[in-house]
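Throughout, numbering of the chain's residues begins at 1 and tracks the sequence.
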Amino acid sequence: MPDDLTDEFGEYAHEELLQALVLSLLTSADLDELCDDADLPQLTHDGLPVTITSARTYRDAGVLTLDRGVWLELSDGSVFGLTVQISRRPRSEIALRRR
């Protein structure tokens with residue numbers, strides 16, 4: 001694995017990448033656009049679309065685990081934690097490459 005990618009993503013690159021991917025996917029567009037793309041109904045609050053007002057990653061779920069994830073704060077005041085849970089790590093070294 002190239003040193004620059006190792007430094008960027010750390011020892012458990014597969015976990016870091018999945019966490020970054022979830023964060024990127026959920027913040028790449030407004031929540032109503034994401035719902036449209038997934039053919040899901042839109043969330044509304046008082047007739048207005050609910051939006052993601054804040055998203056941040058965390059290194060553990062706040063319950064003394066090593067799971068990683070993303071906290072989402074929505075415009076209606078609700079907060080959701082999405083956990084990236086790894087139940088089995090790769091047996092061999094993984095390689096990272098940029099496109």
| Looking only at heavy atoms, which two atoms of Ala55 and Leu72 are closest? And how far apart? | CB-CD2, 3.6 Å

| message | Between Leu43 and Asp76, is the side chain to side chain contact (heavy atoms under 4.5 Å, CB included) condition met? List the steps. | response | CA-CA 10 Å; Leu43 295 173; Asp76 67 352; over 6 Å; no

| message | Could you see if Phe80 belongs to whatever hydrophobic cluster contains Leu31? Use Ile, Leu, Val, Met, Phe, Trp, Tyr and a side-chain cutoff under 4.5 Å. | response | yes

| message | Using a 3.5 Å distance criterion without hydrogens, assess whether the side chain of Gln42 forms a donor-acceptor pair with backbone atoms of Pro49. | response | no

| In the single-linkage hydrophobic clustering (I, L, V, M, F, W, Y; side-chain heavy atoms under 4.5 Å), do Leu74 and Leu48 co-cluster? | no

| Side chains of Leu26 and Leu82 in contact at under 4.5 Å (non-hydrogen atoms) | yes

| To the nearest 0.5 Å, what is the distance between NE2 (His45) and OG (Ser78)? | 9.0 Å

| note | Here the pair of heavy atoms bringing Tyr58 nearest to Thr83 is OH-OG1, 2.9 Å

| Checking Thr53 side chain against Glu73 main chain: does a donor-acceptor pair fall under 3.5 Å? | yes

| said: Please check this pair: side chain of Asp30 against backbone of Asp32, looking for a donor-acceptor N/O pair closer than 3.5 Å. | reply: no

| remark: Scanning both residues in full, the closest heavy-atom pair of Thr27 with Leu23 reads OG1-O, 2.7 Å

